[in-house]
Novice: 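Below is a structure I'd like to ask you about.
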Protein chains: 4
Amino acid sequence: MATIKNVLLYVNRIKCEATSLESDITTYLNGIGIENSVIYADKQEHSEIKNFDLVITLGGDGTVLQALRRIHAYQIPILGINLGTVGFITEIAKGEWREALDKYIDGTLRVSNRTLLDIKVVRKNREIFNTIGVNDGIVTSNNIKAIIELKVYFSDIEIGEIHGDGVIISTPTGSTAYSLAAGGPIINPEMNALIFTPICPYSLSNRPIVTGGNEIIKVKINKNQRANILLTIDGQESIDLEEEDLVYFREHGRYARVIMSDKRSFFDVVRTKLKWSGGPRA
Amino acid sequence: MATIKNVLLYVNRIKCEATSLESDITTYLNGIGIENSVIYADKQEHSEIKNFDLVITLGGDGTVLQALRRIHAYQIPILGINLGTVGFITEIAKGEWREALDKYIDGTLRVSNRTLLDIKVVRKNREIFNTIGVNDGIVTSNNIKAIIELKVYFSDIEIGEIHGDGVIISTPTGSTAYSLAAGGPIINPEMNALIFTPICPYSLSNRPIVTGGNEIIKVKINKNQRANILLTIDGQESIDLEEEDLVYFREHGRYARVIMSDKRSFFDVVRTKLKWSGGPRA
Amino acid sequence: MATIKNVLLYVNRIKCEATSLESDITTYLNGIGIENSVIYADKQEHSEIKNFDLVITLGGDGTVLQALRRIHAYQIPILGINLGTVGFITEIAKGEWREALDKYIDGTLRVSNRTLLDIKVVRKNREIFNTIGVNDGIVTSNNIKAIIELKVYFSDIEIGEIHGDGVIISTPTGSTAYSLAAGGPIINPEMNALIFTPICPYSLSNRPIVTGGNEIIKVKINKNQRANILLTIDGQESIDLEEEDLVYFREHGRYARVIMSDKRSFFDVVRTKLKWSGGPRA
Amino acid sequence: MATIKNVLLYVNRIKCEATSLESDITTYLNGIGIENSVIYADKQEHSEIKNFDLVITLGGDGTVLQALRRIHAYQIPILGINLGTVGFITEIAKGEWREALDKYIDGTLRVSNRTLLDIKVVRKNREIFNTIGVNDGIVTSNNIKAIIELKVYFSDIEIGEIHGDGVIISTPTGSTAYSLAAGGPIINPEMNALIFTPICPYSLSNRPIVTGGNEIIKVKINKNQRANILLTIDGQESIDLEEEDLVYFREHGRYARVIMSDKRSFFDVVRTKLKWSGGPRA
């Protein structure tokens with residue numbers, strides 16, 4: 001049983017019904033004597049979120065990503081209520097919020113620890129950037145038409161030179177996001193793993209690679225690029241890269257803590273939302 | 001430093017140079033006072049191998065698979081010496097045997113724990129078969145032309161019905177074997193994971209799935225098949241399946257223990273042997 | 001306007017409603033003064049079908065394949081009435097038979113010319129086998145577990161050596177059959193083309209190849225196979241191959257003539273039956 | 001035997017040896033009494049090239065694309081001499097120029113007719129843009145991170161809504177360019193066909209589609225995009241698209257005329273340059 005004294009609502013007001021739901025939940029929390037505050041996702045603040053026992057997001061997967069990026073160091077559990085169709089991270093449908101909240105307070109919902117990415121950029125031997133990723137870090141050009149050239153290393157072993165649109169390094173949580181679109185495998189989000197997926201490489205001899213543990217995936221930006229190169233994290237944060245920059249990706253020591261629905265599992269979502277199918281009638 | 005009193009040589013005599021190498025290694029072991037015996041891979045014995053401190057295989061990946069299947073319960077470390085081109089499991093080239101053996105005795109070679117598959121067949125509520133897999137378990141027809149129909153469950157969630165040539169459930173070690181040919185991702189063999197890869201499914205909406213931990217992948221043989229169905233493990237052991245049989249795949253509690261070369265890593269082998277490449281010049 | 005004096009019904013009696021539909025159509029044809037006969041698909045005859053102005057099949061895609069293989073030399077148009085879900089070749093649903101038949105007699109339904117395969121086997125410099133394929137010719141082992149080794153040539157240029165489950169050479173009509181399951185592209189069935197799709201090759205550096213015109217695709221069976229090798233055509237005819245046999249695939253000089261529905265196009269079927277989709281909501 | 005009175009050299013001066021080779025060829029042509037002129041690829045002119053019997057390009061595939069785009073209406077044969085590694089269109093290596101030129105004059109080299117794309121943009125019922133494509137037309141965002149949403153039609157049948165990085169419509173000549181990187185099949189460049197390849201679609205249920213003949217592929221830009229959308233042709237010309245624009249792709253009535261080497265075929269280049277391979281040893 002989780003002792004919940006102080007709840008933060010993280011609300012994406014663009015979504016329909018977000019504010020009426022916010023009011024319902026606030027009223028409910030007040031009624032059972034739980035302190036609560038609200039942050040709106042559209043406010044462009046990036047300060048860390050701390051001193052709460054629980055964060056409830058109202059929005060879609062993007063809203064959860066945003067909230068998780070701000071709370072990760074404090075490892076506050078997050079309950080993602082989906083205002084649209086059920087998402088990959090926000091497994092709780094909007095009609096289920098009260099039941100899910102009650103169950104979480106009663107200690108009957110499981111909290112899933114999700115691998116986070118630790119991402120660093122080193123320029124001329126100095127670390128100039130360090131962030132976490134919930135879904136993925138992507139190295140691409142600013143312009144889809146330009147081929148970029150990168151070298152990729154797994155713990156200092158060069159796996160090859162990429163000529164193409166770029167590369168994705170994804171967590172299992174991100175395996176159903178851009179990595180999937182680029183041809184990557186589906187990975188159970190509760191695993192500890194990193195997925196390396198090239199984006200449209202000019203090569204036949206290619207396949208996504210899954211690794212993990214203490215492996216460090218290093219991406220080196222070659223000289224003589226024809227385009228500006230960008231590192232984008234979770235589709236929400238980006239930094240311009242320069243030639244000869246090194247980008248290091250590894251599993252973060254901390255986890256995101258996502259409260260799971262007891263109504264559907266990841267594999268239900270794979271089947272119903274991704275429409276995974278093994279045959280014409282399935 | 002490993003105390004090695006008793007070594008088993010597991011020799012595939014079909015490979016060139018196997019017997020001359022066997023004699024060299026035996027002479028060397030006698031010279032340094034280590035007891036040793038020899039088993040030939042072509043002898044059709046399947047008894048377990050025990051009471052050795054080290055098994056050295058002379059052959060290819062198939063020879064290691066065979067030996068690992070017989071020693072797994074005793075978790076004896078295995079040193080795979082490759083008589084052909086460097087393999088995925090047998091990372092030690094034949095010219096390197098003495099150096100590798102000396103280093104292993106000195107305790108300077110790392111032993112890699114490899115996930116094994118625990119595979120069970122249940123027929124009419126009775127377990128009729130239980131084995132381990134080092135690379136993979138494959139459910140197919142006896143005849144490649146016949147479409148088979150299977151239901152696949154991840155911890156009791158039905159992911160879908162497969163119509164196609166069959167399914168592969170692979171360990172990370174097996175990710176570079178048949179799973180790769182069927183389109184599966186490359187997985188660092190030191191991870192704990194299972195890979196589910198359909199074989200030629202009659203569906204567009206399809207992708208390999210990686211999972212692990214306590215997940216049980218269950219394959220149910222549908223009724224009214226047009227072909228006889230077979231479960232094959234590591235390409236070395238097989239059992240005919242019947243309609244309505246259930247096959248359970250999960251991570252085994254024990255690991256295979258493979259002695260690693262210090263000369264090349266898995267990612268070197270991916271690049272040089274699989275010719276992984278991200279671009280036309282790479 | 002097509003002059004129809006003599007119709008053959010080609011009936012797969014295993015399908016539900018086949019015989020009642022047969023009787024309805026026969027009655028209708030008698031009523032409008034068109035001679036008609038019936039052949040049952042389950043009769044194991046392979047004689048050519050000739051002296052008809054129209055063949056109507058009652059069954060699924062398999063029934064049409066069977067009928068087309070028997071009538072191809074006479075190029076009789078075929079009207080495929082689907083007794084199950086709409087197929088790729090049998091675009092006419094069972095409730096639409098009378099409208100389709102009337103329209104065809106009135107000359108308002110289009111006849112599509114479909115590329116056929118001409119397949120030859122040469123053993124020790126002698127042609128020992130020659131047949132046509134409507135969907136595809138497949139070279140595999142008799143046993144899915146055995147890797148086979150083949151050399152493949154495009155007009156005498158060796159494209160490479162295949163190690164894997166085998167190869168498919170498909171017509172555009174067959175592009176939605178086994179070639180699709182093996183990863184091949186979808187091809188408009190009205191094109192003149194051949195598709196070469198390897199089946200589970202042990203190689204990353206691989207991609208289906210589309211060619212056509214006068215190209216001859218030659219498959220050579222290597223020596224020292226571990227399995228018996230089989231050539232299967234349309235899943236309906238097969239011949240055992242021997243080591244060093246050569247199999248030649250090319251576009252046949254004649255076409256199959258398939259009467260098209262005016263209610264749905266190939267691309268409707270791709271969307272509704274194959275569930276082709278470009279996004280999560282589509 | 002081709003009567004050659006007037007030759008244009010189309011020279012990419014950035015490539016090493018381009019100017020010395022230009023001088024060698026000019027001297028040779030003067031010596032055999034053939035008039036000749038030179039255009040440099042880096043001059044930003046886009047006027048049509050006409051009144052020549054032959055165009056010789058010195059550069060890579062990009063140089064040929066550029067020249068072909070300027071000469072297509074006059075259908076002048078093009079001899080592409082490759083200054084780097086052998087390309088897909090420039091099959092003639094630099095050491096082979098004299099032999100190839102002599103043979104072409106003697107009429108012993110074959111000219112290959114290559115399908116061109118006719119690309120039109122219609123905005124508010126008015127055609128605002130019309131161009132040809134040698135390789136491909138690509139609809140993407142200006143920014144790789146933004147998902148775009150498009151509807152795609154084959155001859156007015158909606159195949160589906162694309163959510164992803166965009167779409168490629170390619171000629172067979174372009175099948176080994178960006179379409180290949182996005183997962184498209186390899187197509188013999190002498191075929192008449194169009195290849196539709198989605199770029200990183202957010203969908204599992206997806207496959208490249210090959211069509212041709214009179215098929216019109218229509219791409220509609222949805223409303224409410226999050227990014228600016230761009231149509232790029234051959235990586236050399238682009239136009240900003242607006243919401244609700246329609247882009248029409250079809251086979252052009254004219255062909256590009258490419259002089260073929262007699263030393264290597266397309267399939268040689270697939271094997272040696274793309275490293276197509278069917279097995280680990282191949």
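Proteins come first, then strands; the chains are lettered A, B, ... in the order of their sequence lines, and each starts at number 1. These numbers were taken from a predicted model, which means no experiment stands behind them.
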Novice: How many angstroms lie between atom CD1 of A/I168 and atom SG of D/C200, to the nearest 0.5 angstrom?
Specialist: 6.5 Å
Novice: For a 4.5 angstrom cut-off between non-hydrogen side-chain atoms, does A/T176 reach D/Y202?
Specialist: no
Novice: Between D/A181, D/A177, D/S203, which shows the greatest number of heavy-atom pairs under 4.5 Å with chain A?
Specialist: D/A181
Novice: Is the number of heavy atoms from other residues, nucleotides or ligands under 6.0 Å of D/I14 CD1 greater than 12?
Specialist: no
Novice: So which atom in A/L204 and which in D/L274 form the shortest heavy-atom distance, rounded to 0.1 Å?
Specialist: CD1-O, 3.7 Å
